[in-house]
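Data first, discussion second: the structure below is written as structure tokens.
What you are looking at is a predicted structure, and each value in this text was computed from that prediction instead of being measured. Every number for a ligand or one of its atoms is a count from 1 in the order of the listing.
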Amino acid sequence: MLNRRTVLAGAGAAAVVGAGAYALASDPSHDALAGELRAPRAPEADIASLVHFATLAANSHNTQPWLFSQQGTGIAVAPDLTRATPAADANSHHVFASLGCASENLALAAMAAGRTAAIDYAADDERVTVDLGADGAARDPLFDAIIARQCTRSTYDGRSVPTEDLKRIEATARMSGARLRIVTDRQEIEQVLEMVIAANTAQVGDPAFRTELKQWLRFSARRSVATRDGLYSPCSGNPAMPDWLARTVFDLVFTAKGENDRYAEQVRSSAGLAIVVSDASDKAHWVEAGRACQRFALAATALGIRHAFINQPLEVPALRGDFERWIGADVSPDLILRFGYAPPMPWSLRRPVEDVIV
Ligand SMILES: Cc1cc2nc3c(=O)[nH]c(=O)nc-3n(C[C@H](O)[C@H](O)[C@H](O)COP(=O)(O)O)c2cc1C
């Protein structure tokens with residue numbers, strides 16, 4: 001019943017403290033803040049407004065590994081490596097992909113505020129810049145999906161996505177150096193699931209991975225609201241509970257079998273997989289893969305389609321080769337997501353913009 005990056009103190013811990021003692025639903029103070037962050041607001045071409053929309057992007061472990069600064073006519077997005085997760089992401093691939101997700105949101109917000117926006121990655125200082133141009137840009141409908149997008153880590157309803165919608169999503173996410181491979185063949189989905197389970201088993205058994213994950217889990221609303229980052233239990237369908245208790249039971253209830261069973265059910269309930277692939281494995285392409293991923297997520301959201309990540313086969317160095325052979329030598333795989341239809345889950349939080357503007 002447990003889900004990795006999610007929190008896990010699920011069924012086992014609930015049994016320990018007595019089921020129903022803690023709300024399965026999210027907490028009102030948490031939900032009010034999450035709602036405030038996603039309340040519709042008109043974008044403006046100033047750094048605070050644009051960064052607000054940028055930070056609503058998907059990002060690894062919700063560590064929000066980014067720092068924004070004004071740079072001439074544009075905004076620079078730099079990695080905050082103090083928020084990297086080396087046990088799950090040894091080479092910081094996910095940090096740079098997260099910068100790609102954020103810069104895509106930032107550019108969409110700038111355009112919605114009427115300014116043109118050009119995204120570039122500079123290898124010398126390892127920063128992404130979003131250069132803002134003259135007035136006159138058109139609002140992209142993807143902008144409106146920014147506040148409605150979330151990772152939905154639940155069992156989906158099993159319905160297929162119409163081919164027309166898949167084509168539209170694929171075209172929206174296509175970049176020059178990165179793109180999607182959509183997989184709807186059930187046999188291929190099973191092959192990927194097998195690799196997810198093998199890699200998940202390795203991660204659950206890795207003490208460094210467990211320690212790192214635990215550091216970013218937010219078991220209680222109080223802790224989540226205090227830090228405004230990390231992985232809040234109800235966002236993954238697990239009950240919130242006091243941190244002291246959850247930390248104690250975590251090691252007992254976070255098992256490979258529980259995790260793998262849930263992943264199997266979730267993947268099999270999905271309409272398909274979206275695999276983000278790029279032309280090379282370097283930081284520029286990781287950023288571009290993040291942009292493609294964010295565009296995929298926004299395009300899907302606009303069509304009422306949910307998504308969640310299942311990256312494990314790419315995160316365990318000893319098993320990554322299996323996935324690379326499966327996908328083929330002509331591309332470098334970056335991210336794996338599942339998609340389909342489901343009701344929304346509770347929303348994650350973000351730190352205040354003042355904390356990420358330097
Ligand atoms: C590069 C990258 C890697 C991610 N990897 C995972 C993952 O392996 N498992 C998972 O459940 N979520 C993963 N996520 C999703 C984040 O946990 C999620 O975006 C974050 O918690 C914020 O929640 P939200 O997207 O619902 O706003 C990843 C996101 C990014 C951008």
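The proximity of His61 to ligand 1, defined as any non-hydrogen pair under 4.0 Å, is limited to the backbone. Within the 4.0 Å heavy-atom criterion, the part of Arg350 lying near ligand 1 is the side chain and not the backbone. If you look at Ser348 next to ligand 1, the close heavy atoms, those under 4.0 Å, all belong to the side chain. Only the side chain of Leu335 comes within contact range of ligand 1, with a heavy atom under 4.0 Å; no backbone atom does. Counting heavy atoms closer than 4.0 Å to ligand 1, residue Arg153 contributes side-chain atoms (C-beta onward) but none from N, CA, C or O.
In this model, no donor atom of one side chain and acceptor atom of the other lie less than 3.5 Å apart for Gln294 and Ser103. Side-chain N/O atoms of Ser29 and Asp27 include a donor and acceptor closer than 3.5 Å.
Glu259 has its side chain out of reach of Gln203: every pair of non-hydrogen atoms, C-beta onward, lies at least 4.5 Å apart.
Checked for salt-bridge contact, Asp330 and Arg179 miss the test: no charged N lies under 4.0 Å from a carboxylate O. At a threshold of 4.0 Å, the pair Arg222-Asp243 does not count as salt-bridged, since none of the basic side-chain nitrogens sits closer than that to a carboxylate oxygen. Taking 4.0 Å as the cut-off between side-chain N and carboxylate O, Glu190 and Arg186 do not count as a salt-bridged pair. The existence of a salt bridge linking Arg228 and Asp355 is excluded, since no basic side-chain nitrogen approaches an acidic carboxylate oxygen closer than 4.0 Å.
Close approach of ligand 1 to Leu231 (heavy-atom distance below 4.0 Å) involves ligand atoms 17 (O), 21 (O). Distances below 4.0 Å separate heavy atoms of Glu315 from the following atoms of ligand 1: 8 (O). Near Gln150, meaning under 4.0 Å from any of its heavy atoms, are these atoms of ligand 1: 26 (O).
At least one donor-acceptor pair under 3.5 Å links the side chain of Ser98 to the backbone N or O of Ser60.
Heavy atoms of Arg149 come nearer than 4.0 angstrom to ligand 1 in at least one pair. For the pair His93 and ligand 1, no heavy-atom separation below 4.0 Å is found.
For Cys151, a nitrogen or oxygen atom sits less than 3.5 Å from a nitrogen or oxygen atom of ligand 1, counting backbone and side chain alike.
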